[in-house]
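Read through the structure below, which is laid out as structure tokens, and then see the notes.
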Amino acid sequence: MRAARILNQVRELPAPRADQAFPVLTPAQAARVASHGNVRKVAAGELLVEAGEKNTRIFLVTSGQLEFVQHTGRTERPIAVFQPGQFTGEIGILFGRRILGRLRATEASEIVEVDRAVLLGLVQADAELSDIFMRAFILRRVEILSEGLADVVVLGSAHSPDTLRIREFLTRNGHPFSYVDLDRDAGAQELLDHFHVSVSDIPVLICRGDRVLRNPSNAAIADCLDFNEAIDDVRPRDVVVVGAGPAGLAAAVYAASEGLDALVVESNAPGGQAGSSSKIENYLGFPAGISGQDLAASGYVQAQKFGAQVLIAKSAKALECKPRPLVVEIDDTARVTARTVVIASGAHYRKLALDNLAQFEGAGIYYAATFVESQLCGTQDVIVVGGGNSAGQAAVFLAQTARRVYLLVRGSGLANSMSRYLVRRIEDNPAIELRTHTEIVGLEGGNHLERVNWRDNESQKVESQAIRHVFVMTGAIPNTQWLNGCVALDEDGFIKTGPALSPEDLSAARWPLARSPYLLETSLPGVFAAGDVREGNVKRVASAVGEGSIAIAFVHQFLRE
């Protein structure tokens with residue numbers, strides 16, 4: 001999108017599948033909604049919601065007409081019209097995110113105002129209305145994302161690691177934004193002048209049309225967009241879940257759906273490592289496959305639907321080493337007490353042992369292979385490092401657009417570490433070249449990676465290739481550094497649970513109970529671990545989801561003690 005468009009126009013939201021995105025409720029359905037809201041009359045032209053207001057209510061039209069418009073500068077474009085029997089809102093209402101546009105009556109109307117908290121109760125209790133509301137909300141957000149109807153503009157460069165970080169953060173959190181590439185957009189200077197920023201300030205994020213953030217942290221972006229505004233992060237909870245990967249989201253869904261007050265603390269975006277996967281094809285129930293981001297987004301919405309709250313861009317900094325009440329410190333500013341804790345903080349990829357690696361992270365070295373990264377690569381040659389499923393999925397995905405994908409593995413092949421269907425696709429794809437017994441030994445470049453040196457460990461031959469993009473997906477380092485020794489870990493830093501805890505572990509932890517730890521319980525009573533952070537985990541999305549749900553079953557047992 002050119003910069004001039006961002007200042008001067010907003011594209012109108014089309015309505016494919018209008019019967020689902022903008023359904024008309026039957027009289028019986030409308031009556032059930034009305035019984036949970038307040039009926040009021042509004043005059044023609046009356047403003048109901050202004051852009052940027054808190055997303056605290058929806059409206060059901062019983063007579064008259066409402067319109068939703070987006071205001072940009074001096075222009076205003078209609079996005080959607082709501083007739084009798086139709087309701088306003090999109091998925092942001094579940095998250096408590098702020099409104100993206102204006103809502104007003106185009107004629108004298110009667111409406112039913114439904115509060116957000118009441119709506120959450122309604123979608124939990126009424127299965128028919130839940131299906132209608134959730135489908136409409138999700139489809140409306142999909143259209144908002146696809147049409148670029150955003151309250152955020154990112155000005156950046158493909159050569160800037162922080163530009164990539166910000167784009168990934170917004171994308172993975174499902175927040176619409178417009179992107180201006182200062183290297184390619186001839187009208188970019190107009191935006192720079194308009195907001196009084198210079199090229200040296202990039203990346204720049206323009207929040208809701210007027211607030212300018214220069215190279216903001218993810219936490220600063222979350223604060224500006226009020227991602228966490230609707231969340232009370234200090235009240236005591238039944239369960240605090242650390243991490244919103246597949247295990248953490250599953251724990252949140254099962255906890256909230258079973259009546260527990262659940263808070264999830266996520267340092268970046270829902271999905272964890274799985275959220276950065278281009279396509280997962282061996283997850284039960286999705287024969288055509290599903291992207292990690294789509295799977296994470298669905299789990300995130302599901303958790304919100306049942307009442308779980310998810311703190312975004314907030315990190316668990318410490319777990320106090322004492323039982324009852326358990327205390328999780330968040331970003332050194334908040335302390336949340338909990339009756340139980342589920343640690344689902346996952347793992348991150350092992351970094352290459354190269355002295356200048358940090359110089360190129362985000363500028364040629366990547367740890368995710370999504371549409372955002374593939375745009376940076378275009379039709380150039382790329383390297384994928386790793387022999388697991390994540391590396392295989394990345395290689396197949398990138399081969400759709402890259403000229404050649406070099407898949408580097410240190411072992412003799414892929415059969416022992418990768419699913420057979422991926423091995424076959426790699427073998428049959430002429431754009432993918434497998435290099436076994438090979439590792440990267442050198443990186444060269446200035447502000448961006450320019451050359452890669454790799455070595456064949458059998459022949460000891462070193463090759464130098466003019467390759468600017470490397471995807472690293474090898475090994476797993478558990479995210480347990482924040483635990484400060486409060487629970488027993490194995491020699492690799494993974495959390496020991498249940499039968500893996502030795503008598504010596506329990507003695508050192510002063511285990512206070514007569515019973516042994518439950519299957520997923522750590523050496524601290526009431527603290528459980530699930531997913532990639534746990535010793536002995538099976539590195540599959542389905543396994544992580546299962547462990548998250550099982551952890552909540554043990555949470556219930558613990559709470560009954």
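Note that this is a predicted model, so its numbers are computed, not measured. These numbers come from the heavy atoms of this one structure, side chains and all, not from hydrogens, waters or symmetry mates.
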### Task
Apply the test side chain to side chain donor-acceptor pair (under 3.5 Å) to residues D115 and H36: give CA-CA distance (whole Å), side-chain angles for both, the deciding distance (0.1 Å), then the verdict.
CA-CA 9 Å; D115 183 76; H36 291 81; over 6 Å; no
### Qualifying residues under side-chain hydrogen bond (donor to acceptor under 3.5 Å, both in side chains), relative to Q65, sequence neighbours excluded
Q83, T106
### Query
Ring centres of F133 and F137 under 6.0 Å apart?
yes
### Query
Have Q189 and D193 got a donor and an acceptor in their side chains that come within less than 3.5 Å?
yes
### Task
Would you confirm whether N228, through its side chain, and I231, through its main-chain N or O, come within 3.5 Å as a donor-acceptor pair?
no
#### Entry: Exercise: identify the closest heavy-atom pair between A252 and V264
CB-CG2, 3.5 Å
### Any donor-acceptor pair under 3.5 Å from E46 side chain to A43 backbone
yes
### Query
Is a donor on one side and an acceptor on the other found under 3.5 Å between the side chain of R116 and the backbone of T56?
no
### Query
If only atom types and distance count, is the side chain of S315 paired as donor or acceptor with the main-chain N or O of K317 below 3.5 Å?
no
### Query
Between E53 (side chain) and E50 (backbone), is there a donor-acceptor pair under 3.5 Å?
yes
### Sub-4.5 Å side-chain heavy-atom contact between D131 and M134
no
### Query
Is S345 close to W482 at the side-chain level, that is, under 4.5 Å between some pair of heavy atoms?
yes
### Message
Are L48 and R104 packed together at the side-chain level, in the sense that at least one heavy-atom pair is separated by less than 4.5 angstrom?
### Response
no
### Residue pair V234, V336: steps toward the side chain to side chain contact (heavy atoms under 4.5 Å, CB included) verdict
CA-CA 5 Å; V234 296; V336 181; 5.7 Å; no
## Note on the structure
Looking only at heavy atoms, the pair that brings G275 and R172 closest together is CA-NH2, 3.6 Å
### Task
Sorted by first residue and then second, give each ring pair (Phe, Tyr, Trp, His ring centres under 6.0 Å) pair with at least one member in residues 90-114; sequence neighbours left out.
F95-Y300
### Task
Enter the distance from D223:CG to C207:SG here, rounded to the nearest 0.5 Å.
10.0 Å
### Query
Are R97 and F227 in a cation-pi contact, defined as NZ or CZ under 6.0 Å from the six-membered ring centre and within 45° of the axis?
yes
### Query
Considering residues, nucleotides and ligands other than F371, do more than 12 of their heavy atoms fall under 6.0 Å from its CZ?
no
### Task
Examine distances only and state if a side-chain atom of S109 and a backbone atom of E107 form a donor-acceptor pair shorter than 3.5 Å.
yes
### Task
Rounded to the nearest 0.5 Å, what's the gap from CG on L192 to CG on L182? Could you check?
5.5 Å
### Message
Tell me if a side-chain donor or acceptor on S276 pairs with a main-chain N or O of A368 at a distance below 3.5 Å.
### Response
no
### Task
Kindly indicate whether the side chain of L319, heavy atoms from C-beta on, has any atom under 4.5 Å from the side chain of V527.
yes
### Task
Quick one: closest heavy-atom pair of I280 and Q393, and the distance?
CA-NE2, 4.1 Å
### side chain to side chain contact (heavy atoms under 4.5 Å, CB included) assessment of R211 paired with C224
CA-CA 8 Å; R211 187 174 173 187; C224 183; 3.8 Å; yes
### Message
Distance check, rounded to the nearest 0.5 Å: R98 atom CZ versus N55 atom CG?
### Response
10.0 Å
### Task
Answer yes or no on whether R167 is positioned over the face of Y179, meaning its NZ or CZ is under 6.0 Å from the six-membered ring centre and within 45° of the axis.
yes
### Query
Have R237 and Q309 got a donor and an acceptor in their side chains that come within less than 3.5 Å?
yes
### Query
Has the side chain of T163 got a donor or acceptor atom that lies under 3.5 Å from a matching backbone atom of A158?
no
### Message
Looking at every heavy atom in both P78 and E67, which two are closest together, and how far apart are they?
### Response
CB-OE1, 4.4 Å
#### Entry: Closest approach of A316 to V328 (non-hydrogen atoms, all atoms of both residues)
CB-CG1, 4.0 Å
### Message
In the structure I gave you, are the side-chain heavy atoms of I166 and P216 within less than 4.5 Å of one another anywhere?
### Response
yes
### Query
In Å, rounded to the nearest 0.5 Å, how long is the span from CZ of F554 to OG of S549?
10.5 Å
### Task
Determine, step by step, whether V197 and R214 satisfy the side chain to side chain contact (heavy atoms under 4.5 Å, CB included) criterion, reporting the C-alpha distance in whole Å, the side-chain angles of both residues, the deciding distance to 0.1 Å, and the verdict.
CA-CA 8 Å; V197 295; R214 293 167 172 81; 3.3 Å; yes
### Query
Taking atom types as modelled and ignoring hydrogens, do the side chains of K305 and S257 form a donor-acceptor contact shorter than 3.5 angstrom?
no
### Query
Above 12 or not: heavy atoms from other molecules or residues under 6.0 Å from CG of L47?
yes
### L170, T171, L100 screened by side-chain contact (heavy atoms from CB on, under 4.5 Å) with P176, the one that passes
L100
### Message
I'd like to check L119 versus I93 (side-chain heavy atoms, cut-off strictly below 4.5 Å). Are they in contact?
### Response
yes
### Message
Any heavy-atom pair between the side chains of V33 and F87 that's under 4.5 Å?
### Response
no
#### Entry: Under 3.5 Å donor-acceptor, D151 side chain and R208 backbone
no
### Query
Got a donor-acceptor contact below 3.5 angstrom from the S63 side chain to the E110 backbone?
yes
### Query
How about N173 and P270: do any of their side-chain heavy atoms sit closer than 4.5 Å?
yes
### Query
Of all heavy-atom pairs between L249 and G271, which one has the smallest distance, and what is that distance?
CD1-N, 4.4 Å
### Message
Does anything in residues 265-275 form a side-chain hydrogen bond (donor to acceptor under 3.5 Å, both in side chains)? List the pairs, not counting sequence neighbours.
### Response
N218-N268
### Query
Roughly how far, to the nearest 0.5 Å, is NZ of K279 from OG1 of T370?
15.5 Å
### Task
Evaluate side chain to side chain contact (heavy atoms under 4.5 Å, CB included) for V204 paired with V154, printing each intermediate quantity in order.
CA-CA 6 Å; V204 171; V154 177; over 6 Å; no
### Message
Is a donor from one side chain sitting under 3.5 angstrom from an acceptor on the other, for R165 and N215?
### Response
yes
### Query
To the nearest 0.5 Å, what is the distance between CD1 (I58) and CG (L60)?
7.5 Å
